[in-house]
Chemist: 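Here it is, the structure in full.
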Number of protein chains: 2
Amino acid sequence: MPSVPATATTGGTDATDVGTVTARLRVSATRLARLLRRQGDTGLSPSQLSALTSIENHGPMTLGALAEHERVAPPSITNVVAKLEDKGLVTRSPCASDRRVAHVSTTAAGAALLDEVRQRKDVWLAARLGELSDDERERLAAALDVLDHLTGLDRP
Amino acid sequence: MPSVPATATTGGTDATDVGTVTARLRVSATRLARLLRRQGDTGLSPSQLSALTSIENHGPMTLGALAEHERVAPPSITNVVAKLEDKGLVTRSPCASDRRVAHVSTTAAGAALLDEVRQRKDVWLAARLGELSDDERERLAAALDVLDHLTGLDRP
DNA sequence: TATTGTTATACTCTATAACTATA
DNA sequence: TATAGTTATAGAGTATAACAATA
């Protein structure tokens, strides 16, 4: 019994019913993400990893911008960035034009750590994909752009 | 450039290449799970929510079994269960045959809370699915059993 | 005076070590 | 003596409030 009833616009069979697709996709996406996360131990705390990832994705940022992006209070970012700096994963550069401001960027070591984690996850996931049949892999490949669309990855 | 090269067994085009599918699926699954998590605020800490979910999924458990399942130290479970009990989401029942042991189970309120969270996520996700074209929804539906297979949901 | 970031402090979460009750 | 769980205590992590430096 789907938690969200099918709308009048769908008109599919039970398996393509929006409510059914919703609940199944919610469960498998959550589960897959958890399995992936389990492959990616970094020695960093969740906030440290999240901040490092954001810095890499967005490029050099001020501490304030980073705090806002991480939805975290300014003192927490001070702390997180200090830890990342201690580990040599990010560097701070004081802003020349406004000396209150500091920008943080990933170091080569920081980028390498993130890349290594992604690779470890990819190795695990590729092995799981290897266990699928050709037909299954094709159906999965055919749905990838739908997942991109769903998560906004088609318009970054 | 995919992090994991295509194997000799695939022979697909670039879009169905295992390395490409791997990286794209990793990113979109992670992203979808994060978006879902953002819809599901419960007022519980991550460990409390995780423990409550495990108790619901597995049925009544001893504290020790729960600690092991959550990969957490025994004193942490004592604490987590105490908080959940304070909120009326779980109950403890002392074991009749071994009075050192206590079992925990979800209350009706605990089950209702979990259900409400799932429903909130489903409402959000169903709205996103509603933005897809019929063709996209069909391709997604056709890949659901693959995701189940991938995450072990086909053999629970 | 407003803004950026830090320091001071308190609270939550989780761990290890020592303990209690039961087997 | 061994086991299930709790209490004592310490170390992260993050928040609010007060502060310092700069604009």
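Convention: sequence-line order gives letters A, B, ...; per-chain numbering from 1.
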Chemist: Would you indicate what B/S76 reaches in the nucleic acid, counting non-hydrogen atoms under 4.0 angstrom: base, sugar-phosphate, or nothing?
Modeler: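 Contact class for B/S76: base.
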Chemist: Just to confirm, is there a sub-4.0 Å distance from OP1 or OP2 of D/dG13 to any side-chain nitrogen or oxygen of A/S45?
Modeler: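 Looking at the OP1 and OP2 atoms of D/dG13, one of them is under 4.0 Å from a side-chain N or O of A/S45.
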Chemist: For nucleotides 4-7 of chain D, give me every protein contact, N/O to N/O, under 3.5 Å, one pair per line with atom names.
Modeler:
| unit_1 | atom_1 | unit_2 | atom_2 | d |
| --- | --- | --- | --- | --- |
| D/dG5 | OP1 | B/L63 | N | 3.3 |
| D/dG5 | OP1 | B/A102 | N | 3.2 |
| D/dG5 | OP1 | B/A102 | O | 3.2 |
| D/dG5 | OP2 | B/G64 | N | 2.7 |
| D/dT6 | OP1 | B/R92 | NH1 | 3.0 |
| D/dT6 | OP1 | B/R92 | NH2 | 2.6 |
| D/dT6 | OP2 | B/T78 | OG1 | 2.4 |

Chemist: Specify the residue among B/R99 and B/V80 whose closest nucleotide of DNA chain C lies further upstream toward the 5′ end.
Modeler: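 So the residue in question is B/V80.
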Chemist: Could you tell me whether the side chain of A/T107 and the main chain of A/G88 form a donor-acceptor pair under 3.5 Å?
Modeler: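 Yes; judged by distance alone, with no hydrogens or angles, the pair exists.
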Chemist: Of A/L44 and A/A96, whose nearest nucleotide on DNA chain D comes first from the 5' end?
Modeler: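 Per heavy-atom nearest nucleotide, the more 5' residue is A/L44.
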Chemist: Answer yes when B/R139 and A/E138 have at least one side-chain N-carboxylate O distance shorter than 4.0 Å, and no when they do not.
Modeler: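 Judged by the 4.0 Å cut-off on N to carboxylate O distance, B/R139 and A/E138 do not form a salt bridge.
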Chemist: Walk me through whether B/E136 and B/R128 qualify under salt bridge (Lys or Arg N to Asp or Glu O under 4.0 Å).
Modeler: CA-CA 12 Å; B/E136 286 178 313; B/R128 298 290 79 68; over 6 Å; no
Chemist: Using the side chain to side chain contact (heavy atoms under 4.5 Å, CB included) definition, which of the options A/L49, A/T42, A/L89 pairs with A/L114?
Modeler: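 The residue from A/L49, A/T42, A/L89 that satisfies side chain to side chain contact (heavy atoms under 4.5 Å, CB included) with A/L114 turns out to be A/L49.
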Chemist: So what does B/Q48 hit on the nucleic acid, given a heavy-atom distance under 4.0 Å: a base, only sugar-phosphate, or nothing?
Modeler: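 The residue B/Q48 makes sugar-phosphate contact but no base contact.
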Chemist: Hey, are B/R118 and B/D115 close enough for a salt bridge, meaning a charged N less than 4.0 Å from a carboxylate O?
Modeler: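 Here B/R118 pairs with B/D115 in a salt bridge, since their nearest N and O are under 4.0 Å apart.
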Chemist: Looking at A/K83, does any N or O in its side chain come under 4.0 Å of the phosphate oxygens OP1/OP2 on D/dA12?
Modeler: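 For D/dA12, neither OP1 nor OP2 has a side-chain N or O of A/K83 closer than 4.0 Å.
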Chemist: So, are B/D134 and B/R137 salt-bridged, with charged N and O less than 4.0 Å apart?
Modeler: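 Looking at B/R137 together with B/D134, the answer is yes, because their closest N to O distance falls below 4.0 Å.
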